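Down below is the structure, laid out as structure tokens.
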Amino acid sequence: MENFIWTELLAFDNTQKDMGVDAYLERIGYTPYGISLLLSHPDFVFLHKGMDEDYNLFRDICSRQGHPGNEERARQQWTSFELKSLVQCLQKKGIKVFCSVFATHTFDKYHTEWASCDDNALIVYNSIGITPGMQLISRLKDGTYTEDVFVSQLERVMVDYGFDGYHGPDCMGPGGALSVTDYSDNMIAQFCMWVGYTPNELKEPLYDPSFEFKYDVEKLKERSDYIWQNLRKEWVDFYCYRWKVCWEKIIKVLKKHNKLSMINSANTKADFEAKYIYGIDYRDIAELGLDYILVECVAANCGIIYGGHDYHFDFLTTLADTKAMMPNTKVIYLHGVKDVVESYDLLRHAPSRLEREFFSLSNFYYTEKAGEYSRCADGFMVCLGDGIKSYEWDFLRSVWQLGYEFSPNKLSDFTWVWCDDTMEGLMDEFPKYGTWPGFKQVSKLLTDYDIQISSVARVENVPNLKENLIVPNAHLYSQKNLDILKEYKGGVVALFGDFSEGYENSEQVCQRVGDYNLSCVILNGNNICTSLPSVSNEFKDIPSPIYFWFMAEYMTITEDFWNKVAELLKKYKTSPVLVDDYCVNIYGDRVKQDDLRVITLENDEYIRLALINTKDHYIESKLSFTEIPTKVEKKSGFPYTSVTVNEKGEFKCGSGQTPLHIPPYGIIVLDYKK
């Protein structure tokens, strides 16, 4: 497990000889594998002067967006020599040090910015025009590509400061939803050169300094509508190409100096959405030799900032999706803790969400070629690691230990099968039907039903598996890969997709959704078909969401379909622990139990049971066991008393036998003997 910390310079103290490194490590109580220094403004790279003489760093490098400070100290004025000393002091402790900068532009708020010299360097939205953000893949007025300037300067920065790696965070690939950006003249010129011709609708330059944001947004919207309606696939493929070229240059120069590379995932999105909405295909980036991808699966952060839909399982399946897509790249996840600028604090305001998220993300598994399990997450990155007290670090370390200490050799109930075939198929099919990608289908089963899916495997590894299989969008598979599934003998195979002809000797649930024959097919089943009434498909081909906390629009799928599918899948459950449909509360009331989810991990001696609360209040739990446990050991901090289980499968607390309350949006972890 590789533990990283992402932090501003506020974590350290340049009044100390060692830049405050010893004090920081004493406070956190361990030595992290790596630290990514959030130096915030891209001018840390673009305006790097070399190291011939010491100079003051800009205010918005000393703290993100130049904010005044954190819980511990006010923003300090750092110099270039002090920063290099900090890097060296951290490395002496065996810590790998990365630098990271955002694609920020503040219209010269704190210093004269590099991008102010050329409007082409700034990103353009169809509803605004020029925005306060950089477009790393733009072409400047003199014909130079912005990425070439950046890479040239990045090489100097990496060598001069001695960083171990470069971390490309938000908007350093990609820079915004393609339905709204970037429709600037320079990106349109690049696009037309790439497709090999210029449509009449794209010939007119729109840049006009007389407008407040340099573009007539009505004409800009007409331009974007034309592309989205007529050249959408080409537009997506073009951006995938440009980001691949950009990162090829970055990774090449990093490898030249034996430096490591890391990139953030596309604003919380899984594989298909990353490509379709943001225009980046991380399979391309992985092939370049990328060392790390940092997956932005920060459901707890979104939950306490934006409310509404609970993204917990959506982002959990996003992590698994990313690992299956990039099995040879190290995958780490963003462990949201606190952020002064983004104004959230899970540590103090939602610790139960933090515990639930960390355990879940740490215990989704990837099934290797030989059938053995490895965690989808090779590690995690604390975000952000400044202003945290010693006792709070103690709590975090206890959460980490609980998440990573158990190694299972058996998982329940189904393994999710992932295949490259579905990506291109969805690119063609989604605009027509709004087809659900795999991560969304698996998330639905995890979110709303007692179907345990704790592992993912690539289709080529299926012959060595030993679990039941869930196969989303199987109708998009090649015949070769479908044959692998049909020949599988290790368990039940559940295919999801548009199956017009169905399968012989199979049990299935079908519902016609517009022109799409939505089906769940159990291969080699009982030759029973449950056909639900047809419904209209209310999906409308509308622009993708601008902001990462919004979900894309998808096909209408009725709850009747999912209910019947869940009934079908539950016939093949392998978990020794089942969630009962109803529980009896402290008052003796019979209550529908639709808010409890479980994760069961098994080894030769114990079953580790994680009870997950999906509600904003305490819930009780009642479970059914194939065999009542002989011994229960509480692993979580809460509840602060002993836990037992009676002959009815009810967990009780302490000698008073009070019900076990699972914290709001929280988790309780228990071990019991088989």
Side-chain angles (χ1 to χ4, degrees), residues 123-126 135-139 145-147 168 171-203 220 223-251 263-267 269-288 290 293 321-322 325-326 329 418-435 437-439 473 476 478 541-546 552-553:
I123 198 164
V124 172
Y125 276 65
N126 65 359
Q135 177 60 282
L136 193 61
I137 56 175
S138 62
R139 188 171 62 189
Y145 288 96
T146 302
E147 75 227 37
C171 297
M172 283 296 185
L178 298 188
S179 60
V180 297
T181 187
D182 178 341
Y183 292 95
S184 62
D185 288 351
N186 95 81
M187 293 306 298
I188 292 297
Q190 289 189 60
F191 173 64
C192 292
M193 183 183 301
W194 182 78
V195 296
Y197 69 100
T198 303
N200 291 332
E201 292 82 355
L202 302 180
K203 288 181 177 179
L220 206 55
R223 174 186 278 179
S224 67
D225 287 346
Y226 171 78
I227 291 177
W228 200 247
Q229 292 167 13
N230 298 282
L231 295 167
R232 185 184 314 183
K233 190 174 188 303
E234 292 86 347
W235 188 243
V236 172
D237 289 343
F238 162 68
Y239 268 88
C240 290
Y241 161 77
R242 284 296 289 117
W243 282 116
K244 179 179 180 179
V245 169
C246 176
W247 272 88
E248 184 175 25
K249 296 172 183 177
I250 291 173
I251 291 172
I263 188 173
N264 279 32
S265 68
N267 294 319
K269 303 306 180 188
D271 65 347
F272 168 71
E273 290 190 341
K275 182 174 182 178
Y276 183 81
I277 297 176
Y278 288 102
I280 190 163
D281 189 335
Y282 284 109
R283 296 172 302 178
D284 292 342
I285 312 301
E287 290 175 359
L288 300 174
L290 180 73
I293 182 167
D321 180 281
T322 304
M325 174 177 56
M326 308 169 66
T329 301
W418 191 98
C419 181
D420 284 299
D421 295 343
T422 61
M423 178 74 91
E424 294 310 315
L426 284 170
M427 287 296 298
D428 293 330
E429 191 174 277
F430 174 80
K432 183 177 181 181
Y433 299 116
T435 310
F439 89 93
N473 297 319
L476 299 176
S478 67
D541 184 18
I542 61 175
S544 306
I546 300 174
E553 296 291 328

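Along the sequence shown, residues are numbered consecutively beginning with 1. Here the structure is a predicted model, which means the values were calculated and not measured.
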Minimum-distance pair of heavy atoms, taken over all atoms of Ala274 and Lys269: N-CB, 3.8 Å
Atom pair CG/OG1 of Leu290 and Thr329 - distance to nearest 0.5 Å: 5.5 Å
Residues Asp420, Arg283: salt bridge by 4.0 Å N-O rule: yes
Any Trp194 side-chain heavy atom under 4.5 Å of Cys192 side chain: no
Point-to-point distance, once rounded to the nearest 0.5 Å, from CG of Asn473 to CE of Met423: 12.0 Å
Heavy-atom side-chain proximity of Ile227 to Leu178 below 4.5 angstrom: no
Closest approach of Cys240 to Ile280 (non-hydrogen atoms, all atoms of both residues): SG-N, 3.7 Å
Heavy-atom side-chain contact between Met326 and Ile285 under 4.5 Å: no
Euclidean distance, Tyr276 OH relative to Arg232 CZ, rounded to 0.5 Å: 3.5 Å
Side-chain donor/acceptor of Thr146 to backbone N/O of Leu136, under 3.5 Å: no
Contact check, side chains of Tyr239 and Met187, non-hydrogen atoms, under 4.5 Å: yes
Check: Ile137 main-chain N/O paired with Gln190 side-chain donor or acceptor under 3.5 Å: yes
Within-4.5 Å side-chain heavy-atom neighbours: Glu424 and Lys233: yes
Interatomic spacing from CG in Leu202 to OH in Tyr197 - rounded to 0.5 Å: 8.5 Å
Summary of salt bridge (Lys or Arg N to Asp or Glu O under 4.0 Å) pairs that have at least one residue in residues 182-202, sequence neighbours excluded: Asp185-Arg223
CE-CH2 distance between Met172 and Trp243, expressed to the nearest 0.5 angstrom: 8.0 Å
Side chain to side chain contact (heavy atoms under 4.5 Å, CB included) between Phe439 and Glu273, worked out: CA-CA 10 Å; Phe439 89 93; Glu273 290 190 341; 3.8 Å; yes
Asp421 to Leu476 - nearest heavy-atom pair and separation: CB-O, 3.5 Å
Side-chain heavy-atom pair Ile293, Thr322 within 4.5 angstrom cut-off: yes
Side-chain touch Trp247/Leu288, heavy atoms, less than 4.5 angstrom: yes
Separation of Phe430 CZ from Glu553 CD (nearest 0.5 Å): 8.5 Å
Qualifying residues under salt bridge (charged side-chain N to carboxylate O under 4.0 Å, His left out), relative to Lys249, sequence neighbours excluded: Glu147, Asp148
Closest non-hydrogen atom pair between Ala266 and Tyr282, with its separation: N-OH, 3.4 Å
Side-chain touch Pro437/Asp321, heavy atoms, less than 4.5 angstrom: no
Sole candidate of Trp228, Tyr226, Phe191, Trp235 that passes ring pair (Phe, Tyr, Trp, His ring centres under 6.0 Å) when paired with Tyr183: Trp235
Ion pair Asp284/Lys275, N-O distance below 4.0 Å: no
Which atom of Ser224 lies closest to which atom of Ser179, heavy atoms considered: CB-O, 4.4 Å
